Amino acid sequence: MTQAFRTTSGGRIDRKKAITFTFNGKPYIGYEGDTLASALLANGVHLLGRSFKYHRPRGIVAAGAEEPNSMVQLGEGATTEPNIRATQISLYDGLTASSVNVWPNVEFDISAINGLFAKIMTAGFYNKTFMWPRSMWMKLYEPVIRRAAGWGKAPTQQDPDIYDHMHLHVEVMIVGGGPAGLMAALAAGRAGARVLLVDEQSEFGGSLLSRKRQIGAKDEAGWIAEMVAELEAMPDVTLLSRSTAFGYYDHNYLCVLEQKTDHLPAAERVGKVRQRVWHVRAGQVVLATGAHERPLVFADNDRPGIMLAGSVQTYVNRYGVLPGKKMALFTNNDAAYEAAIDLQAAGGDVVAIIDCRSEVSGELVDAARALDIEILAGHAITGTCGGKRVESVEVRAIQKGAKVYTSAARQIKCDLVAMSGGWSPVVHLFSQSQGQLEYDEEKACFLPGTPRQAQQVAGALAGEFTLKDCLAGGYKAGADAARATGFTPKRKPAAPEIDEPDLSGIEPFWIVPGSRPIGEGMAKHFVDLQNDTTAADIELAVREGFESVEHIKRYTLTGFGTDQGKTSNINALAILSGILDKPIPKVGTTTFRPPYTPVSYGALAGRNLGDWSDPVRVTSIHDWHVENGALFENVGQWKRPWYFPKAGETMQDALNRECLAVRSGVGVLDASTLGKIDIRGPDAAEFLNRIYTNAWAKLGIGRVRYGLMCHEDGMVFDDGTTARLAEDRFLMTTTTGGAAGVLDWLEEYLQTEWPELKVYCNSVTEQWATVSIAGPKAGAVLKKLAPDMDLSQENFPFLSFKEGVVAGIDARVFRISFTGELTYEINVPWTCGRVLWEAVMEAGAEFDITPYGTESMHILRAEKGFIIVGQETDGTTTPQDLGMDWIVSKKKPDFIGKRSFTRSDTARADRKQLVGLLTDKPDDVLPEGAQLVFIPHSPKPMPMAGHVTSSYYSATLGRSIALALVKGGHDRMGQKIFAPLEGKTVTAEIVDPVFYDKEGERLNG
Amino acid sequence: MLNIDCPWCGKRHETEFRYGGEAHIARPEDPAKLDDAEWAEFLFMRTNTKGYFAERWLHSHGCRRWFNVIRHTVTHEIVGSYKMGEKPPKLPKSAGGAK
Amino acid sequence: MVKYSIFTIARNALTSHKNWPKQWRSPEPKSSYDVIIIGGGGHGLATAYYLAKEHGMRNIAVLEKGWLGGGNTARNTTIVRSNYLWDESAAIYEKSLQLWEGLAQDINYNVMLSQRGVLNLAHSLGDVREGVRRVNANRLNGVDAEWLDAEGVKDFCPIINISKTARHPVLGATLQRRGGVARHDSVAWGYARAADALGVDIIQNCEVTGIKREGGKVTGVETTRGDIAAKKIGVVAAGHSSVIAEMAGIRLPVTSHPLQALVSEPIKPVIDCVVMSGAVHVYVSQSDKGELVMGAGIDSFNSYAQRGSFHVIEHQLGACLELFPIFSRVRMMRSWGGIVDTCPDASPILSGTSVEGLYFNCGWGTGGFKATPGSGWCFAYTLANDAPHPLNAPFSLSRFESGALIDEHGAAGVAH
């Protein structure tokens, strides 16, 4: 294919480097430096897609982030991406792209039939219909709507690319690398500040990439090169191109998406980070985000070939492309005349300039006249013709304020319409930073008001629409930012001589009426091209009582497209202001929300995927468990062995074997994950007295006690044993999942409520590995490993601990028990965990020592009626509910939670209380979470009596057992209760929750 | 991402901290003396100020100290932070008291 | 009220839609009303509608400081379900869901209720226990509920990653088939139009600045548009409840926090149900426009700013990609925040107060949207009868004294 619309010279493309690419299956050639949009225009392709509602043909409108139309499906397979704007895709070799949401293709799209129903598909029409018959909404209407919905397609495969995050602190961050931003960076950089300059484009220069300007002795390209070179030479200045600041958050925190490889051919991307999100905290921010041109709103202003004038200029000057050969310019300002002049200079033909201002004058007007371009002042385009490309425009003389034009129409043939309704500063980030906008009547745009954060604004964003003002404003902003962060700016360089045209004013012209009132006839005045919102839709919304701009936006969907209304918001607001006959600032503006442009989920997630999404914690014995076939359970961030199946065993087989081993011989459990907190200080005992429900002052040194913790609301939130290591030192254990929360909670009370207590807490969870050996043979195993330790009942009773040497390792041994069997919990330094474990396995081999996991631990403790916090409790359970009155001190005047026990509901007799359940059929294992009722088979909603908290098959007892919370359960021993399950109802008897060894005789082996 | 000024460590990202809600709610000296309504007031009722608000933060991934911050709950402006037991900083003039 | 249907649309098309009436009037406030509702969001408008429809009251005003439906109604992730754990919650949310099911026809406004099924994922054995418990409770309460194992989850939502080696593997899920999503704006507008047709005055841009009381009883409000007398006042101000309460000298057990949400660019349909994971804070559905609508976790700090911290969003998207790897190249298009009023027990307050004639409907936290019809229905009953309906009696302020909290924290995770 030839590039028939490429100029013969000029532009920032590299004509020596041809690039082949494919669009909608057809191969094309472009040049390095092109965007997909410029390359397609060079090949004469304007029709890129279809509109959302009516499927009207649509083409390229703009040249950057503000583009409303030209979304494509980029790439194929696992790396395909939906909805990428052709104007923002740097062309690379092998690029493939296609139109989105068209079928069978963009040239012939069957859904264009929607256009016939356009009269019905007005704003909000779906609120008014699809209601009858009711059943058809889910069956027919909604499925049809959903099928039509959406633009491009998500990939169906895993993303092969990698993304990452970087954090950066700078004194001055500058957003926008146009003339103002570059000058700001220069000022701040020369002052010595750490500076970050980001720009969304492939290269710095901003508007100067599109316009020809002489700056002192340099042309625009030379000036940009000189600026960038000086900035790059500064060690504390970071320059990021292809980097979009998309979010401006509290306290000068900004997020930037850097596209690192999206412009490279596939082969050059391999192994590289695709996109990076920079998280920047800046002392000062200089916003130099420029301005977007506004379209004009006239009848059928959406045909391919109707473009923004400044974008035409960009395609001509930056990319060496003529978007059309016969151009009509429609404008309300004379800045846009430059587009005509530049197009003509590049070999195009400007057939007319249609200027809605009745009087036009000035340097640019004269220049256009000098080129023999016809200027139709006081005229407007009132209609367009053409199917997949504009072919002609209808032009009329206009009368100010008329609703309908009656003057004679003149048809002007053209293949390109450039339009300019003036410029809207890109206030998005400013608005995100909580700044309020102020409307400037003279410039006909919203400008930033007083910043709310440590921030400067410069350039077109600040209403500085000439290059001279941009350079001066940019330098000042950079210098002010540097000064505000403690640096002394260097003397301002002398202002260069700049060759740029003088501009006369803009005359707002928000909507061009047609030959019939808006909304009548078939012509459409589009305001939001992507969502097919027309001026008639806005009128309708107002007619129906929607007056707030937020209502209008939502009812008509203006600004809700992927472009977030960059070209449509202000026009919609102005049209609304006209309809309501209120000045624009009175109508309001809308909030601009992050992100400025869309950001991939992959980039936002960065590396926080898989095992990096949440730290995985493992014990020092973990590898042994893996090597020995353990299955694991996640408990908080920890991996804990769940059970250790042997070949051919079912889960239940394994559990039976593990439990029976503990009851009859000896089992071993890795208990390292239990939280351990070292509590020290002269007031440590008093502190424990306040935070546990039971008494601690008299606990002897070397002794251990079990304790329950409640929150102030009286509900149990953690439990564990605590040992007194010394007069002023305790070792507390907590649940695995609750450890961090308990430590925070202890410190909170110590620091905020009781600073007078001399107590100091320290997490030692990962200082001590814990191996728990349990069962009648536990003593025999330990004896082999610690021959010098006196394990006699008198010298090492239950609930005490000893320090000593176990398997050659300095250890603390605790006699506590969660299984009801004789148990020694051996703590050794974390790194010695596996050594100890293997020694225990070896010593226990003669007793057939059996490693067991959390599931068997749960069964064994349930046989004993011991609770698990979070299973028998759910944040609504008191110690009394658990039948643990015995652990609630009656003597202590106060402890955390005590006061709440006497509240009327908390003291109720029929609260849900912990009981045991024995099913009538011993083989029936109730599902955990089964609900219980006193009266079976009653109609729904059935009054519920409680639920099953734990339920297991107990090999020890040869039957099922369950724990449950049952209303008034403590007084219902022996009564029947029912679990209505899906398909059957299981009957059980309420019993004491201790199923095994009620007397506790097995504790001593 | 708030930038929170820990009195011990200086300004750090919000992600290093844990929030502790309204500040200066002292645990009653003798809870037993309170009736249920008074106890509920301590347990649950909160000022939930719209404006300058004294709140607690814990530098959980830093020095592990609790401290207080005066922050505006609409603008998120932080006036200052102060250690437990210290007096709060003065509010900006325009604030019109700790609202 | 002009009946909305395809026929009226077609008829109006013939006159270029020039004859549609206003969906609601913009009346000047009267000097006095029987009931003033403070807050023109979904809940407030629903309250006004049911007061008029069910209780025959006509002299009602809804005062809205901004534009109606502009608060949390416009900012949520539109999830509708009723599968709550506790009997009290299940009852009121189920009432709400039943009202949802006939709402479009009742108010003649298509709220686009799409009952495409809601999955609540379980990622740990504890989650599984909790999920099974909730399914059983729902079933006995007459709320439709199913438990799916991981394969069942995959069948119902094929793009979910159920790999056992995932950091937080999917072990199963509860499914409520009657759950789904609705079109949030339409709910507010539909109730407004229906209430207006019954004579309710909806007054926008009218900020309440004071609650007038005499002898412990409300007498009216002070507003930016003058004083208005009222016999009763119902406050339905969501995140701003505490601000109104302070005007009446009341403190509430409520704190306001940012809750963020986001949508992706519209893509062709890939997910046909609602997937929620309280454990990893992912809440996803796909709108009828093709956007992936996602809710994030709540920000920890108090705020009235309608914006949260960005790390909350990033964290959520990491978890999201674990569940839905194919979303990696989908792009976030817009994010925003609402102000949620949270109670200590994650359950709402629909209650009278110590001030006679002053009622509060607040504390819905992250779960308010789905409750809109039921909340309005119960609150209307309460205002009309000066006594709660049995459905909302448990949600009184007195529960904070008695301790009869309805703790939905552990049960529902973040109760989106």
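Small disclaimer: the values here were computed from a predicted structure and weren't measured. Order of the sequence lines sets the chain letters (A, B, ...), proteins ahead of strands, with each chain counted from 1.
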Worksheet item: Within 45° of the ring axis of Phe52(A) and under 6.0 Å from its six-membered ring centre, is that where the NZ or CZ of Lys289(C) lies?
Response: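 Cation-pi check for Lys289(C) and Phe52(A): passes.
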Hey, does [Y] have a side-chain heavy atom less than 4.5 Å from the side chain of [X]?
{"X": "Lys119(A)", "Y": "Ser16(C)", "result": "yes"}
{"X": "Trp147(C)", "Y": "Glu982(A)", "result": "no"}
{"X": "Tyr601(A)", "Y": "Leu292(C)", "result": "yes"}
{"X": "Arg903(A)", "Y": "Glu401(C)", "result": "no"}
{"X": "Lys128(A)", "Y": "Trp20(C)", "result": "yes"}
{"X": "Arg167(C)", "Y": "Asn634(A)", "result": "yes"}
{"X": "Ser328(C)", "Y": "Tyr163(A)", "result": "yes"}
{"X": "Ser5(C)", "Y": "Thr129(A)", "result": "no"}

Contact summary for [X] and [Y], nearest pair of heavy atoms:
{"X": "Gly403(C)", "Y": "Asp905(A)", "value": "O-OD2, 3.6 Å"}
{"X": "Ala154(A)", "Y": "Ile267(C)", "value": "CB-CD1, 3.9 Å"}
{"X": "Thr876(A)", "Y": "Asp407(C)", "value": "CG2-CB, 3.6 Å"}
{"X": "Arg331(C)", "Y": "Ile84(A)", "value": "CZ-CD1, 3.5 Å"}
{"X": "Ser114(C)", "Y": "Glu142(A)", "value": "OG-OE1, 2.6 Å"}

Quick check for you: among [options], which has the greatest number of heavy-atom pairs under 4.5 Å with chain C?
{"options": "Leu609(A), Ile145(A), Asn608(A)", "answer": "Leu609(A)"}
{"options": "Met715(A), His165(A), Arg147(A)", "answer": "His165(A)"}
{"options": "Arg554(A), Arg274(A), Arg593(A), Glu520(A)", "answer": "Arg554(A)"}
{"options": "Val616(A), Thr902(A), Asp713(A)", "answer": "Val616(A)"}
{"options": "Gln158(A), Met942(A), Lys940(A), Met131(A)", "answer": "Met131(A)"}
{"options": "Pro517(A), Gly606(A), Pro615(A)", "answer": "Pro615(A)"}

Counting distance only, does the side-chain N/O of [X] pair as donor-acceptor with the main-chain N or O of [Y] below 3.5 Å?
{"X": "Glu633(A)", "Y": "Leu125(C)", "value": "no"}
{"X": "Asn83(A)", "Y": "Pro266(C)", "value": "yes"}
{"X": "His315(C)", "Y": "Ala605(A)", "value": "no"}
{"X": "Arg183(C)", "Y": "Tyr126(A)", "value": "no"}
{"X": "His551(A)", "Y": "Leu68(C)", "value": "yes"}
{"X": "Arg329(C)", "Y": "Pro82(A)", "value": "no"}
{"X": "Arg146(A)", "Y": "Gln286(C)", "value": "yes"}
{"X": "Lys268(C)", "Y": "Asn101(A)", "value": "no"}

Worksheet item: So His168(C) and Asp614(A), side chain to side chain donor-acceptor pair (under 3.5 Å) or not? Walk me through it.
Response: CA-CA 9 Å; His168(C) 297 284; Asp614(A) 192 13; 3.1 Å; yes
Discussion item. Per the salt bridge (charged side-chain N to carboxylate O under 4.0 Å, His left out) rule, what does the pair list look like for residues 307-324 of chain C, sequence neighbours excluded?
Written reply: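 Matches after skipping sequence neighbours: Asp250(A)-Arg307(C).
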Discussion item. Can you confirm whether or not the ring centre of Tyr4(C) sits under 6.0 Å from the ring centre of Phe125(A)?
Written reply: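 That pair fails the under 6.0 Å test.
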Discussion item. Under 6.0 Å between ring centres: does that hold for Phe546(A) and Trp24(C)?
Written reply: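 Here the rings of Trp24(C) and Phe546(A) have centres that are less than 6.0 Å from each other.
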Among [options], who wins on heavy-atom pairs under 4.5 Å with chain A?
{"options": "Ala319(C), Gly126(C), Ser26(C), Ala137(C)", "answer": "Ala137(C)"}
{"options": "Asn108(C), Ile159(C), Asn19(C), Asp87(C)", "answer": "Asn108(C)"}
{"options": "Gly102(C), Pro325(C), Gly70(C), Ala404(C)", "answer": "Ala404(C)"}
{"options": "Gln316(C), Lys22(C), Arg25(C)", "answer": "Lys22(C)"}
{"options": "Asp272(C), Leu405(C), Leu321(C)", "answer": "Leu321(C)"}
{"options": "Arg193(C), His311(C), Gln204(C), Arg139(C)", "answer": "Arg139(C)"}

Atom group of [X] that falls short of 4.5 Å from chain A, counting heavy atoms:
{"X": "Asp185(C)", "value": "side chain"}
{"X": "Ala74(C)", "value": "both"}
{"X": "Ser264(C)", "value": "both"}
{"X": "Leu103(C)", "value": "neither"}

So how far is it from [X] [atom1] to [Y] [atom2], rounded to the nearest 0.5 Å?
{"X": "Phe560(A)", "Y": "Glu291(C)", "atom1": "CZ", "atom2": "CD", "answer": "8.5 Å"}
{"X": "Leu317(C)", "Y": "Ser613(A)", "atom1": "CG", "atom2": "OG", "answer": "13.0 Å"}
{"X": "Arg399(C)", "Y": "Ser904(A)", "atom1": "CZ", "atom2": "OG", "answer": "13.5 Å"}
{"X": "His17(C)", "Y": "Thr122(A)", "atom1": "NE2", "atom2": "OG1", "answer": "4.5 Å"}

Practice prompt. Count the heavy atoms belonging to other residues, nucleotides or ligands that lie under 6.0 Å from CH2 of Trp132(A), then report whether that count exceeds 12.
Written response: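 No, because the 6.0 Å sphere around CH2 of Trp132(A) holds 12 heavy atoms or fewer from other groups.
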Item to complete: Please check if atom NZ in Lys153(A) has more than 12 non-hydrogen atoms from other residues, nucleotides or ligands closer than 6.0 Å.
Response: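 12 or below, so no.
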Worksheet item: Where does the angle between the aromatic ring planes of Tyr555(A) and Trp189(C) fall among parallel (under 30°), tilted (30 to 60°) and perpendicular (over 60°)?
Response: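 Aromatic pair Tyr555(A)/Trp189(C) classed perpendicular.
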Practice prompt. Kindly determine whether Trp67(C) and Val549(A) satisfy side chain to side chain contact (heavy atoms under 4.5 Å, CB included), including the steps that lead there.
Written response: CA-CA 9 Å; Trp67(C) 38 285; Val549(A) 65; over 6 Å; no
Item to complete: Mind running side chain to side chain contact (heavy atoms under 4.5 Å, CB included) on Tyr249(A) and Ser309(C) for me, showing each step along the way?
Response: CA-CA 7 Å; Tyr249(A) 302 93; Ser309(C) 292; over 6 Å; no
Item to complete: Give a yes or no on whether a salt bridge exists between Arg129(C) and Glu928(A), defined as a side-chain N under 4.0 angstrom from a carboxylate O.
Response: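 Salt bridge: yes.
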Discussion item. Less than 4.0 angstrom from a charged side-chain N to a carboxylate O is my criterion; do Glu539(A) and Lys18(C) meet it?
Written reply: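 Yes.
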Worksheet item: When you look at Arg133(C) and Thr949(A), which way does the side chain to side chain contact (heavy atoms under 4.5 Å, CB included) test go after all the steps?
Response: CA-CA 9 Å; Arg133(C) 177 182 172 194; Thr949(A) 57; over 6 Å; no
